[in-house]
Each structure stands twice: as structure tokens, then as C-alpha cells.
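Protein chains get the first letters and strands the later ones, always in sequence-line order, with residue 1 at the start of each.
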Amino acid sequence: MKFIYKLCLVGLVFSLFTFNASAQTTKYKCLLQMSNYVGEEAYIVVSLINPKGEYEKTLYVMGPDKKWYKTIKEWHKFYSKKPANISAITGASVAGGDRSVTVFEIENAKINANYKLRFETAVEDKEYYVKDLEIPLTTASLSAKNDGTGFIRYVRFSAN
Amino acid sequence: MTISIWRYSHLALAVSSFLLLLLASVTGVILAFEPVAQKIQPYHTAGFEQASLAQTLPLLRSKYPGISELTVNHHQFVIIKGSDNKGENLEAYIDPQTGKILGTPEKQSEFFLWVTDLHRSLFIHETGRFIIGLTAFLLLLIAVSGTMLIIQRQRGIKRFFTRIVKENAAQYYHVVLGRLSLIPIILIAGTGTYLSLVRFEIIPPEKVATEVDFDAIKEEPRQEPASFAIFKNTLLSEVQSVEFPFSDDPEDYYTLKLKDREVAVNQLTGEILSEAKYPTAQLLTELSLDLHTGRTNIIWAIILAVASGNILFFIYSGFKISFRRRAKSIKNKYTLDESRFIILVGSENGNTFRFARAIQQQLIKHGQKPFLTELNNYTLYPQAEHLIILTATYGLGDPPTNAKRFVKLLQTTPQAQPVRYSVIGFGSHKYADFCKFAFEVNQMLSHQAWATPLLDMHTVNDRSPEEFSLWAEAWSQQAGIALAVLPELRKTQTKRFETLTVAANTCCENTEGTFLIRFQPKRKIKFTSGDLLAIYPANDHRERLYSIGLVQQELQVSVRLLPDGLGSGFLHRLKPGDTIPARIIKNDHFHFPKKATGVLMIANGTGIGPFLGMICQNSQQTPIHLYGGFRDRESCNLYKPFLEENKTAQRLTQLHLALSREGEKQYVSDLISRDADLVANLLATGGVIMICGSLAMQKDVTAILENICQTKLNQNISYYQSRSQLLTDCY
């Protein structure tokens, strides 16, 4: 009997492994350095954009209060159409001059496959940047320093 | 009516902002509990105060290789952020000594987020923030004008924290609590205003950050982070946050955000790469937030909650006070041109108006034409026969706001016809200057040729219904109009009749008309010399008052028989053994002083009555100088044996007699002029002068005393009157 159990357990572990292998992901540590702007803390959403230029997945949300999500307009359209549970990938908003280090998971298959990473920012009563920073999801850009155009000064990654 | 600019602004500001203040205070009280709720969480660790960065940072970095940031929050809880061994996001409270995870920070409660939002922007974003900022500024102005009002009320900054007299609950607590919560409220309002100014960039905001010259970054000499000088010298408690180097690259560095500056530290050598001090504006913003939210100190948070709660009370009590002031609006049935009775009121808070209206209504009830107005409106009254002045005193013996102009008006506006006046001072003995302004008004009227006193001035302590009734009774007797003061004013008074048996009556011995009559109360009652005996000669509402002397346990009154005197005739007819119903009225203001270096008694005619009792009761042998004025030797013979006897027993020190129709033909006032030095010395050393007798005598004597006070003591006579050093009971 014991043997049968063990066999089942091994089988279970094996099947999990194979399932994992089918959608292999890598975790990236992302350093986001804000510019020295003055004002409220920024709400920032990091999204995966597919080759057609559409939102595919929300990778990270910096900003805890749902009430402000509508100010990140473009992403909010996608989010309201396809609501997802984002509580695990939600963190604090980021003030001017501060930095934020977060971790998000990207499927290996999406890298070097014409996907893009978009950093969308909004600050209460200030500007909203759809593409504060948008970078091609390539091995090269994931190892470089990428400068933002709005509230973000730069973003850097390191594989975890 | 005029009200001071501070009071006007205080009220106007409060009225214009009270709804918003109400909202801000309620939400403020709630929000004060957020830091309290946070602080009581168990994430504070014992070794926190001693921990230095040299101990903590290497420990944390080895234990959590993925650490990106360390934060010390306002409650001195240490939080780390980064990723754990599995690469998952990590955020946790830790013990800085051991690196052990204590708990996970929770997201800010939805409820507090909601309340915070309401508190600072009313859910309408920028417009709301502006409105709230303005409200904070108005609150600051309210606090400032309130401070000015307290200074005004207490007469000077030095007396700011001296005792406040309790007149009515709303007002008393408005002032007392106002004084106590002044500092927190000014801080709440000031910081709120400042934060709004920063928010709207009216105070130019600045942000500094360390600028690192990457070309100058060195890799040698390498050191262990535990031996970096900056880490060794910096305690965790001085830190707001530490950003760890993002990678091992030498270009990545530590950023220490301390309380007053930001420091960038080379991760290999421990060298300080750059340092930036925070600008003052930023430090002030932080300080303002600390003070406004109470986030750093639980006790301060509670103080803020209490202060916010007080604002709610101020809104309530402030409106109550205002409505009471409004309630004094004056309604007149008759015009000032047709009125015989002019009632003038000086009142700061409107309390005195209740009494004035009671008089007005009574007069109207009796078919008379009264006219009620404020002292400041004093003018010519063509039909006036009676002037009744009711006035309070404000601050240190000053006129109330609505009576400030009266003194000047009185000088410039003499009435054309003779008018009889009566002054009632309202005040509290808790203040040093009891009824000072009323005394001054009375004094000034006595100098007016057209004015004759109907009564001696009366005072009412703490709105005592008894004392007011006493005035009403005296006035009724003189004016011949029965003023039954309103039931609400005499609520506490119960008319209690005593039965008195006549013990002796000297009426038969003296032809001239002055006699002494003694009574024995049937019941044991407490009274003393100076109290009043009210009798009802015709057994109706008509009442007659006599000043009592307590002599050998008996109640003695000194009476002058008048040709058609209702009271005197009645008393004159009484025989020993007769009984009469009567009332004994306490008359506290004319009691023998408990503490006095000496007492100077001035009387004429039957006014000596209460003094006879006081002398007889002077067992402690307080020095007493008695100045008595009589017509002739015969009329004073009635008292002479008694006085000589007491002089021998040392209950009376000096006796001075003035006879107006014999010998030198002197009046008692002449004796006072003669002894001016004695009088001045007595007043200066805390002695008391008591005057009892006719109003004419009182007028003469007061004029002399006034002169003595001014020339020898350099004080106004009202100074001594208001300090109970000059007591009068004249008729």
C-alpha cells in the first residue's frame, strides 16, 4: 500500500513539473527611480503589451486605492473589461525622488517575441502618461537602464 | 449696538465656517485614532533605540539577499521590502536585532482612507482641498481672535491664565476649554494651513536628492559594511529609510534617508558619495504632518483628538452664547418721548437684560410707560421722571461694550427736568472689582444737577434673585409702584413670615419723633445687624423696610415717626406684648466686616440703628469710630447712654457727634472733612467705611470721600466701593 502511495506522489510531483515547464517564467527584479517632481505620490501600472499593441496582462500596480485607478485611463479600460485579481501584485504608490523595487514574473516565451513592457503613470491633479516608459521586451533592454519620459527617471531590471 | 472688532470677527469667522469645521473636527477626532491603533501593534522591539546601521544592515542583507529597502515608520517599527528566497515580493515588520520577521504590514484601512479623504478634500479633490485649507486658515483666525478676546476679558496677557469667573456654563467652559486647547488648536489650524499652502505650491516646494558622480566612484579600499564609519555612527532611530544597492555593481549604492538629510554611500568602500540636506520647507512639511496627524506620538494624537472634540463643543457653546446675546434684543411698547420710566442697561452678555425686561413688564402691567434701551443710547428723555440703570462691569472694572459711551453722553446731555434715579450694579464678588462701573455711574449721576437719587445704589451678586428683590422692594416703597419681580427671578426665594413679639418700645419717652422698638422673634432665627426687617402695616402688599440692629439677642429698629407715615405710625402704636407678622431679609452687603483693621461708621438720624447692634456685637473689639449726625442734643440722648456704656466696654473706640440745630450747627459731613486724614489712613490700611442714613447725607459724605480718595489716596472712590471698603445703606 505504502508503495502505491509513493508511486502516486511521485507521479503527482512529476506531472506538476511538466505543467510548470510548459509555461516557464522568470522573475525579474525591477528598480524604478522616480524623477524629483513635486506633488502627490504617483500611481504606476506595469503592463505587458502584445505585438498588436494591446494590453495582455497586468504585471504590477503601484498604488493601493482603487478610486484612483480610473486616472490611469488606458489601462483602466482594459482592466474594467477584463477584471483580474491584482491584490497579489499591488504595492505602494511612489513619491517624487523615491525609488521602488518590485518583482514581477514574465513568461520566457514572451521575451524577444515583439512584446513590450509599458509603464503608465498618473499623479493626482498632474499629468497622465500613457507611455511614461515603454520598452521592447528583449534580453537587451532587460539588462540596460531605460529612461522614462514623465515621472519616471529610469527603470532597471535584474533577473532574480 | 457696538461689539468689539475681535468679538465680531470671532463670531463672523465661526458662523462662516462652522459646518466645515464641524466636519473637519468629527473626521479629525476619528483620524486621531489611526496612529493610536497603529502604535499599539506589537512591532516595536526592545533593542531598537541602540541598534546602529553597522549591526542591522549587514545582518539583514545576509539574511534577506533580496532586500531592497528598509523603512522605519513613525511608530519606530522597522519594515523591510524586497524579494524572498523564492523571488516573491516580501514586505514585513522585522526585529532589527535578530532580523526575525514579526508580521506583515497591512494595507491602510479602507475606513481611515475614506475618512482621510473626506477630511482633506471632501471627496471633491482640488476644490475640496482648497475649501478645507481655507477652513484651516479660518480656524487659525478664530483661534487668534479668541486669544485676543481672552486677553481682553482677563485684562492683559499676564492675567491670561488667572481664574475665570463662572457666570454661566456655556460661556465658562467656552473660555476655560478655549484657553486649555488653544495651543493644540493653533497648531492644528496652523499646520493645516501650511500643508495647504505647500499643496497649492504657494509656499514653493523643493525637493533635493543626492547627485552622485558616477565617474568618481572608487572600488578600493574595500571594507565590510559592518565597519563603514557612516553605518557605525548612525542609529536606526535616526533613519527614515535605507535603500539598498540594486545590484553588486559599484555604481549601485546605499541611499540613507535620515531625518534631516539624504546620504549616498558607496557599497564597496563605505565612502560618502554625496550628501544633501533637506530644504527648510520640506522639514517644515514633515513637522507639520507630524503635528497635524499625531503620527509620531500617541499622546499627542490623543491631545489632538481631545482638541478636535473641543472644537465641536466650541461650536455648540459659541452658538449658545451668541443666541443668548441676541436674546437681549429690545422691544419697546412706548417711545422714548412719551415714557416716564427710562430703563438703561449695560450688559456684556445680555444677562442683565432679563432683569431689565422684568422691570419693564411690571411697569407696563401697572399702566406705566417704560422705555428700555442700552446705556450707549442715552439721550434726552422729555417725559422722564425715573431713571433705572442696570449695569454689569466688564474686565477690570470697565464698562460693558454697550455702555462705553455713556460716561461721555451723560456729561453732554443733561435732562431738562428733574429725574430721580436708581442704579443697580450686577457683578460677582469673585472679581476684584465688584460692580465698579455701576458705582462710577451712580457717582456721576450724583453730580448731575437734574438727578436725585430715589434709593441708595444696590448691587446684585451672581444674579442673586434675593438681592434683586431687595432692590425691587426698596424701589417699590419709594416709587409707590409695586414691582412684583418675575417668578423666575425669585424662584429660590420663599417668603417666610416670622412672628415677632414687641419687647420694648421707647415711643412714649421721646416727643421729637424718634424711637427705638425691640422685638423678640417667636422662633429662633438667624439674623444679624444690617439685615432688614420687612413689615406689612396695612396687611396688604405694602411693605416697609427697616434696618435691624441685633441688641442683646433682640431685634431692634430705630424709627422716626413721620406725620402720615404708614410704617412708622404702625410701629409707634405697638405696645410690649403685641405680635406682628414680619419678614427678615438678609442684607449681606451691609454686614459688619469680618476682617477689617478698623471701621468708620457714619450715620444720621435713625440711620444709627444697625450700628447700635454692630457695636454691641463687637466682641473682638475692632476699632470703631462712630460719626453721628442729629438735630439736637435731645434727639441723640436716646442713644447716648447705650453708646457711652459700649465705649467703656471698649466695643466703641471713638464717638463724634454733630448737631445741626444746636451749638456749632454742624453736619456729620463736616466732621468727615475735619478728619480727612483719619479717613484716608483707614482706607489705605484696609479699613471699612459704613454709611447709613438719609440719601442727602450720603450724597454730601460721598462727595467728601470722593475728594479724599482723589487727593490723598490717588484712587477713584469706586475703587473702594468695588472692594467693599465703602458700604452704604441709605434711604
Side-chain angles (χ1 to χ4, degrees), chain A residues 20 25-41 46 59-68 70-71 86-106 122-126 142-145 151 153-160, chain B residues 65-69 71 79-91 105-110 113-114 116-117 120-121 123 125-127 129-130 198-201 203-211 214 240-241 243-249 251-252 255 257 262 276 278 281-282 285:
Chain A
N20 254 358
T25 62
T26 308
K27 283 181 176 140
Y28 289 89
K29 209 154 77 155
C30 165
L31 167 71
L32 188 145
Q33 175 65 52
M34 301 298 282
S35 69
N36 269 345
Y37 75 90
V38 174
E40 297 293 309
E41 293 182 353
V46 188
L59 296 179
Y60 207 84
V61 180
M62 295 170 213
D65 195 349
K66 291 187 178 60
K67 163 176 95 181
W68 297 107
K70 61 177 179 294
T71 62
I86 54 167
S87 65
I89 49 165
T90 303
S93 49
V94 197
D98 278 1
R99 68 168 213 185
S100 162
V101 177
T102 46
V103 177
F104 41 75
E105 233 172 320
I106 301 173
V123 171
E124 186 187 349
D125 301 308
K126 293 208 183 276
L142 282 177
S143 58
K145 189 167 144 190
F151 299 115
R153 177 177 289 164
Y154 64 82
V155 169
R156 279 170 61 194
F157 298 92
S158 80
N160 213 5
Chain B
I67 187 169
S68 64
E69 190 177 350
T71 319
I79 303 162
I80 56 164
K81 274 188 217 160
S83 48
D84 60 15
N85 301 334
K86 292 183 200 118
E88 298 292 340
N89 280 306
L90 170 74
E91 190 170 0
E106 279 173 35
K107 295 218 169 91
Q108 198 189 5
S109 113
E110 292 276 332
L113 266 177
W114 185 82
T116 308
D117 206 31
R120 65 180 176 201
S121 68
F123 304 130
H125 310 313
E126 215 62 348
T127 325
R129 282 177 186 269
F130 177 78
V198 170
R199 162 76 207 187
F200 287 99
E201 299 179 20
I203 291 175
E206 293 175 69
K207 266 225 160 122
V208 295
T210 46
E211 297 287 341
F214 291 99
Q240 293 187 50
S241 70
E243 289 173 359
F244 288 85
F246 184 60
S247 72
D248 295 334
D249 190 318
E251 287 196 2
D252 282 324
T255 306
K257 290 184 176 167
E262 206 175 294
Y278 299 140
Q282 192 182 336
T285 305

Close side-chain approach of [X] and [Y], heavy atoms under 4.5 Å:
{"X": "Val101(A)", "Y": "Phe244(B)", "result": "no"}
{"X": "Ser68(B)", "Y": "Arg99(A)", "result": "yes"}
{"X": "Lys27(A)", "Y": "Ser83(B)", "result": "no"}

Over 12 non-hydrogen atoms of neighbours within 6.0 angstrom of OH in Tyr154(A): yes

Glu110(B), CD atom: more than 12 neighbouring heavy atoms under 6.0 Å: no

With a 4.5 angstrom heavy-atom cut-off, could you sort out which part of [X] is near chain B: side chain, backbone, both or neither?
{"X": "Ser35(A)", "answer": "neither"}
{"X": "Phe157(A)", "answer": "backbone"}
{"X": "Tyr37(A)", "answer": "backbone"}
{"X": "Asn36(A)", "answer": "both"}
{"X": "Lys67(A)", "answer": "side chain"}

Lys145(A) and Glu251(B) ion-paired at < 4.0 Å: no

Salt-bridge contact Lys126(A)-Glu201(B) (side-chain N to carboxylate O under 4.0 Å): yes

Qualifying residue, where the test is side-chain hydrogen bond (donor to acceptor under 3.5 Å, both in side chains) with Asp125(A) and the options are His125(B), Arg129(B), Arg199(B): Arg199(B)

From Thr102(A) atom OG1 to Lys81(B) atom NZ, the distance as rounded to the nearest 0.5 Å: 10.5 Å

Worked verdict on Arg156(A) versus Asp252(B) for salt bridge (Lys or Arg N to Asp or Glu O under 4.0 Å): CA-CA 11 Å; Arg156(A) 279 170 61 194; Asp252(B) 282 324; 2.5 Å; yes

